Amino acid sequence: MKQAKFSMETVGKVITCRAAIAWTINAPLCIEEVGVDPPKAGEVRIKVISSGICGSENHILDGTFPVPLPAILGHKGAGVVESIGEGVSSVKPGDKVLTLPIPQCRKCDSCLHAKGNCCLKEDAISPVGLMLDGTTRFTCRGRKVHNLFRTSTLTEYTVMHEISVAKIDDAAPLEKVCVLACGFPTGYGAAVNTAQVTPGSTCVVFGLGGVRSAVVLGCRAAGAARIIGIDINEGKLARAKALGVTDCLNPQNFTKPIQQVVVEMTGLGADFTFEAIGTIEMTVAALESCNLSYGVCVILGVSPVKSHLPLDPLKLVSGQTLKGCLLGEYKSRDQIPLLVDDYMKKKIDAESLITHNLPFVKINEGFELL
Ligand SMILES: NC(=O)c1ccc[n+]([C@@H]2O[C@H](COP(=O)([O-])OP(=O)(O)OC[C@H]3O[C@@H](n4cnc5c(N)ncnc54)[C@H](O)[C@@H]3O)[C@@H](O)[C@H]2O)c1
Ligand SMILES: [Zn+2]
Ligand SMILES: [Zn+2]
């Protein structure tokens, strides 16, 4: 097995490199020179090789999901460990790693529970943008810069807690596997872990972005017979067919609510529905599209902060299930490296989530494409 090369020259020193800074919302990111501090105890400094961008970053930049700014965004990354702080034992310099937006400390109530994966050390639900000691490792133009979800991957180097870093196969292609750090597990796990899609079932996926592609792959892997995809972007509908979506619907082409269309198409509503957009309107539509008696609706999308779901409790009394999931219910450090192994064995097609490859300096073009 080949070891990635690394040098000792930077160890213990501040690294000056380029990063994309979000100074304010509703503005492009700025590529700037930043200082990245050495890792403290329990921390790891990583040379980032690739990063994906996610619907969550879009919500941050349009202001619907506020995080402290200025910040270095990006949370699904792949890279190589440059140096480690005191006490770090699960990775060493030269190791290939993924950056995890949800850590796994293996000690908290959630980590110790058989099913829990929302580690209490997370910073993704109500982000403060700082390390666990309340400080940051990034400086730009003399100002301290926040991290995102304690990952920050839109930078050449980042510093993360060991509990947020997953060591992966030495042979994994780093320019591709970044999608396995968030988008893929979120969608795939929603289908196979959270909904537990059954063979022959009918599934409906709201929102055909990156997360959705993985939901579709998960539904297919679980043996779904029919997969209905819903999006307002016609371009996404075309791609969805190639992935295995059997029926594509654009809500703008109908005068009646899309949930009514789905119920009519399926007879009595779908077995499983997934919301991967992040709006209340589509969450309600996803719930109302599933079978009143045994339908399961899974929320993945991040709706605007402090929004509320109008919910008729009788719908749940009739037997429907409404649930949500974070990172596809995977225990991040334990299970995401196993997804990388499955990808290496060609058991999962994570590459179908990659639509474009851009150099770092074209990051704003990336957001336009998203
Ligand atoms: N639960 C988790 O762990 C988790 C993890 C990652 C992302 N997310 C969330 O999942 C959601 C999807 O993320 P993504 O990366 O796929 O985003 P994306 O931007 O790639 O995709 C969103 C899709 O929704 C479509 N859309 C927007 N408004 C619509 C409407 N009114 N009707 C129909 N379609 C509409 C867009 O055209 C786009 O194709 C986001 O809300 C994101 O924050 C959740
Ligand atoms: Zn994400
Ligand atoms: Zn934990």
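Ligands are counted one by one from 1 in listed order, and the atoms in each one are counted from 1 as well. What you see is a predicted model, and the numbers here were worked out from it, not measured in a lab. The first residue in the sequence is number 1, and the count goes up from there.
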To which of [options] does the heavy atom nearest [atom] belong?
{"atom": "atom 20 (O) of ligand 1", "options": "G207, P251, S56, G209", "result": "G209"}
{"atom": "atom 25 (C) of ligand 1", "options": "I258, D231, L237", "result": "D231"}
{"atom": "atom 9 (C) of ligand 1", "options": "I53, L300, V211", "result": "L300"}
{"atom": "atom 12 (C) of ligand 1", "options": "A276, G301, G55", "result": "A276"}
{"atom": "atom 32 (N) of ligand 1", "options": "I232, L327, N250", "result": "I232"}

**Prompt:** Do you know how many protein N, O or S atoms are within a distance smaller than 2.8 Å of the Zn ion (ligand 2)?
**Reply:** 3
**Prompt:** Counting no waters, what protein N/O/S atoms lie under 2.8 Å from the Zn ion (ligand 3)?
**Reply:** C105 SG, C108 SG, C111 SG, C119 SG
**Message:** Less than 4.0 angstrom from a charged side-chain N to a carboxylate O is my criterion; do R141 and E32 meet it?
**Reply:** yes
**Prompt:** Below 4.0 angstrom, N of the basic side chain to O of the carboxylate: do E329 and K115 qualify?
**Reply:** yes
**Item:** Side-chain heavy atoms of F149 within contact of P103, under 4.5 Å
**Value:** no
**Asked** Does some side-chain heavy atom of P251 sit less than 4.5 Å from a side-chain heavy atom of V261?
**Response** no
Is there at least one pair of N or O atoms, one from [X] and one from ligand 1, spaced under 3.5 Å apart?
{"X": "H59", "answer": "yes"}
{"X": "I277", "answer": "yes"}
{"X": "G328", "answer": "no"}

**Region of C325 that comes within reach of ligand 1 [heavy atoms, distance under 4.0 Å]** = backbone
**Asked** Heavy-atom contact under 4.0 Å between L326 and ligand 1?
**Response** yes
**Asked** Is the shortest distance from a heavy atom of G183 to ligand 1 less than 4.0 Å?
**Response** no
**Fill in**
Residues passing the side chain to side chain donor-acceptor pair (under 3.5 Å) test with H161, sequence neighbours excluded, are none
**Asked** Cut-off 3.5 Å, side chains only: do T139 and K144 have a donor facing an acceptor?
**Response** yes
**Request:** Just grab all the salt bridge (charged side-chain N to carboxylate O under 4.0 Å, His left out) pairs involving residues 228-250, residues at least two apart or on different chains.
**Result:** R226-D247
**Asked** Which of the atoms in ligand 1, numbered in the order shown and given with their element, are less than 4.0 Å from a heavy-atom of T186?
**Response** 2 (C), 3 (O), 4 (C), 5 (C), 6 (C)
**Complete:** dist C325:SG -> F274:CZ (nearest 0.5 Å) comes out at 8.5 Å
**Complete:** salt bridge (charged side-chain N to carboxylate O under 4.0 Å, His left out) with R45: of E156, E162, E82, only one passes, and it is E82
